[in-house]
Enquirer: 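Submitted below is the structure of interest, expressed as C-alpha cells.
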Protein chains: 2
Amino acid sequence: MENELCQYICPVESTLDVIGGKWKGIVLYKLLERPRRFSELKRELPTITQRMLTLQLRELEEDGIVHREIYKQIPPKVEYSLTDFGKTLEPILLAMLTWGGQYTSQIIERRSTRKAQSAS
Amino acid sequence: MENELCQYICPVESTLDVIGGKWKGIVLYKLLERPRRFSELKRELPTITQRMLTLQLRELEEDGIVHREIYKQIPPKVEYSLTDFGKTLEPILLAMLTWGGQYTSQIIERRSTRKAQSAS
DNA sequence: CGGCATCCTCCGGGATACTG
DNA sequence: CAGTATCCCGGAGGATGCCG
C-alpha cells in the first residue's frame, strides 16, 4: 500500500496493491456475499485482531472499495458493504475463489512435503 | 506466505498467499508474456533488489508456479517460465491486468488527493 | 551471469487497555 | 458495539560483499 509517487510498472501491481493486504482478500470475499457489521466480520475471522480489521477496512474505504454506513443508535452499529467501484473487483475475486477452491489443497501439500524434506 | 499448519478461512486467502508477495504480481505478469532470463527480469524491474528477485522466484518455484531452467554454460544462463500449473493462474492475472488497466489512474488520483487533504 | 551470506533497518501487525 | 491509543517485537526486505 501507500505508493504515493511510485509509478507502477504494470497494472497487475496496482491491483495487488489494492487487494493484496493481509486480510483484504477474506474481507472482500465476505463483503461480496453480503454487507456485514463490524462484529460479524470479527466473528467470522477468528484470528484477526480488532485493530487490524479496522485498519484494513479503512484502507479499503479510502480506496473507494468499501462503504461504511454508520447507524446513529445505542449501541452503535456500523455496516460495511462493497461500493459500485468495489464491485468491479468481482471478476478478480471470483477467479481467485475458483482457483483457490481447485488448488489450495495442492499448495498445502506441496508446502508441507517440502517442509518434511528440509527436516531430513 | 509460509502458512504451514494454518488453515485457510477461504480460498481467496490461499490464492493471495501464492501470488500476493510484494513482487510476484509483476514477475508473473512478465512470465505470462514469455519466459525470461534472470537478468531480463532484473532489468525490467528497476527497483527490485537482486536478493528479493531471487527470493520471490524461489517461492514461486517451490509452489510449483515457476520453472527454473539452468543452462550449463559460461557465462551461466538461467531462464524462468511458468509451469503448466502456473498457467492455471492466467485467468486471475488477466483479470487483474484488465482491472488495473481500467482503474489504476483512479486509485492513484484518489490516494494523492487524500494525501493533499491530510496536509491541509 | 546468477546467485548466496551477512548485517541491519524499518514497519507490519499482535497484545493490551481505554473511550464514546 | 465499534472503535482509538500505546507499546513492542519479529520478520520482511534493503544494502553490500563474496563466489562458481
Side-chain angles (χ1 to χ4, degrees), chain A residues 1-4 6 9 13 16-27 30-31 35-63 66-81 111 115 118, chain B residues 1-6 8-9 13 16-27 30-31 35-63 66-81 111 115 118:
Chain A
M1 327 306 119
E2 295 306 296
N3 268 270
E4 65 182 292
C6 152
I9 296 172
E13 201 182 355
L16 272 177
D17 203 34
V18 171
I19 66 173
K22 186 175 185 187
W23 302 94
K24 289 182 182 174
I26 327 173
V27 168
K30 294 292 181 186
L31 295 183
R36 316 250 167 163
R37 300 185 52 171
F38 184 87
S39 52
E40 278 184 280
L41 286 171
K42 179 73 185 70
R43 203 176 319 121
E44 295 178 308
L45 280 47
T47 55
I48 198 175
T49 59
Q50 208 168 26
R51 169 190 146 87
M52 279 313 295
L53 182 53
T54 301
L55 286 178
Q56 299 283 294
L57 285 167
R58 285 293 175 285
E59 290 189 11
L60 289 170
E61 194 189 351
E62 284 171 353
D63 282 339
V66 156
H67 172 67
R68 181 170 173 241
E69 183 71 32
I70 307 172
Y71 296 86
K72 284 269 186 180
Q73 61 182 50
I74 308 287
K77 170 180 170 181
V78 178
E79 196 164 71
Y80 292 92
S81 57
R111 291 187 179 181
K115 184 150 305 198
S118 65
Chain B
M1 324 307 118
E2 295 304 299
N3 268 270
E4 65 182 292
L5 294 179
C6 153
Y8 291 117
I9 296 172
E13 202 181 356
L16 272 177
D17 203 35
V18 171
I19 66 172
K22 187 176 184 187
W23 302 94
K24 288 182 183 176
I26 328 174
V27 169
K30 293 293 181 185
L31 294 184
R36 314 250 167 166
R37 300 185 53 169
F38 184 87
S39 51
E40 277 184 281
L41 287 171
K42 180 71 186 71
R43 202 177 319 121
E44 294 178 308
L45 280 48
T47 55
I48 198 175
T49 60
Q50 206 168 29
R51 169 191 146 87
M52 281 313 295
L53 182 54
T54 301
L55 286 178
Q56 299 284 295
L57 285 168
R58 284 296 174 284
E59 289 188 12
L60 290 170
E61 192 187 353
E62 283 169 356
D63 283 338
V66 156
H67 172 67
R68 181 170 174 241
E69 183 71 32
I70 308 174
Y71 296 86
K72 284 271 186 179
Q73 61 183 52
I74 307 291
K77 169 180 170 181
V78 178
E79 197 165 69
Y80 292 92
S81 56
R111 291 188 179 180
K115 184 149 305 198
S118 65

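Because only heavy atoms are used, hydrogens play no part in the values below, and waters and symmetry mates are left out as well, while side chains stay in.
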Enquirer: Could you check whether A/Y80 gets within reach of a base, just the sugar-phosphate, or nothing at all, counting any heavy atom under 4.0 Å?
Expert: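 The residue A/Y80 makes sugar-phosphate contact but no base contact.
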Enquirer: Evaluate side-chain contact (heavy atoms from CB on, under 4.5 Å) for A/L57 paired with A/F38, printing each intermediate quantity in order.
Expert: CA-CA 9 Å; A/L57 285 167; A/F38 184 87; 4.1 Å; yes
Enquirer: Determine, for A/D17 against B/R111, whether the closest basic-nitrogen to carboxylate-oxygen distance falls under 4.0 angstrom.
Expert: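 A salt bridge is present here (some side-chain N lies under 4.0 Å from a carboxylate O).
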Enquirer: Just list the side-chain donor-acceptor pairs under 3.5 Å for residues 44-51 of chain B, sequence neighbours left out, or say none.
Expert:
from, atom 1, to, atom 2, distance (Å)
B/E44, OE1, B/R36, NH1, 2.6
B/E44, OE2, B/R36, NH1, 2.5
B/T49, OG1, B/M52, N, 3.3

Enquirer: Can you measure A/E61 atom CD to D/dG3 atom C1' for me and round it to whole angstrom units?
Expert: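 After rounding, the gap between these two atoms is 13 Å.
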Enquirer: Should A/I26 and A/L41 be marked as a side-chain contact (heavy atoms from CB on, under 4.5 Å) after you check the CA-CA gap, both sets of side-chain angles, and the distance that decides it?
Expert: CA-CA 10 Å; A/I26 327 173; A/L41 286 171; over 6 Å; no
Enquirer: Give a yes or no answer on whether the side chain of A/E62 reaches the backbone of A/E59 with a donor-acceptor pair at less than 3.5 Å.
Expert: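 Side chain of A/E62 to backbone of A/E59: no pair is present.
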Enquirer: Grab the NZ-P distance between B/K42 and C/dG3 for me, whole Å please.
Expert: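 Those two atoms, NZ and P, are 13 Å apart.
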Enquirer: Return the value, rounded to whole Å, for the distance between atom CD of A/E69 and atom P of D/dG3.
Expert: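 The distance from CD of A/E69 to P of D/dG3 comes to 12 Å, rounded to the nearest Å.
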Enquirer: Round to the nearest Å and state the distance from A/E40 atom CD to D/dC1 atom P.
Expert: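 In whole Å, D/dC1 P lies 12 Å from A/E40 CD.
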Enquirer: Check the phosphate of D/dT4 against A/R58, side-chain N and O only, distance under 4.0 Å to OP1 or OP2. Yes or no?
Expert: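 Yes, A/R58 has a side-chain N/O under 4.0 Å of OP1/OP2 on D/dT4.
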Enquirer: Rounding to an integer number of Å, can you tell me how far B/I70 CD1 sits from C/dG3 P?
Expert: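 About 7 Å, once rounded to whole Å.
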Enquirer: Which atom names give the shortest non-hydrogen contact between B/R37 and B/E40, and what distance separates them?
Expert: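 Here B/R37 and B/E40 meet closest at N-OE1, 2.8 Å.
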Enquirer: Within the pair A/R37 and D/dC1, is there a side-chain N or O less than 4.0 Å away from OP1 or OP2?
Expert: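 For D/dC1, neither OP1 nor OP2 has a side-chain N or O of A/R37 closer than 4.0 Å.
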Enquirer: Mind running side-chain contact (heavy atoms from CB on, under 4.5 Å) on B/R58 and B/R68 for me, showing each step along the way?
Expert: CA-CA 9 Å; B/R58 284 296 174 284; B/R68 181 170 174 241; 3.1 Å; yes
Enquirer: Expressed in angstrom and rounded to an integer, what is the separation of A/R68 atom CZ from D/dC1 atom P?
Expert: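 To the nearest whole Å, that distance equals 16 Å.
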Enquirer: Round to the nearest Å and state the distance from B/K72 atom NZ to C/dG2 atom P.
Expert: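 Nearest whole value for this atom pair: 15 Å.
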Enquirer: Between P on C/dG2 and CG on B/L45, what's the gap in Å once rounded to a whole number?
Expert: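 It is 14 Å, rounded to the nearest whole Å.
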Enquirer: Nucleotide by nucleotide, 5' to 3', does protein get under 4.0 Å of the base (B), only the sugar-phosphate (S), or neither (-) in nucleotides 13-20 of chain C, counting heavy atoms?
Expert: BBB----B
Enquirer: Taking the side chain of B/S39 as its heavy atoms from C-beta onward, which of D/dG3, C/dC1, C/dG3 lies nearest to it?
Expert: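 Taking heavy atoms from C-beta onward, the closest nucleotide is C/dC1.
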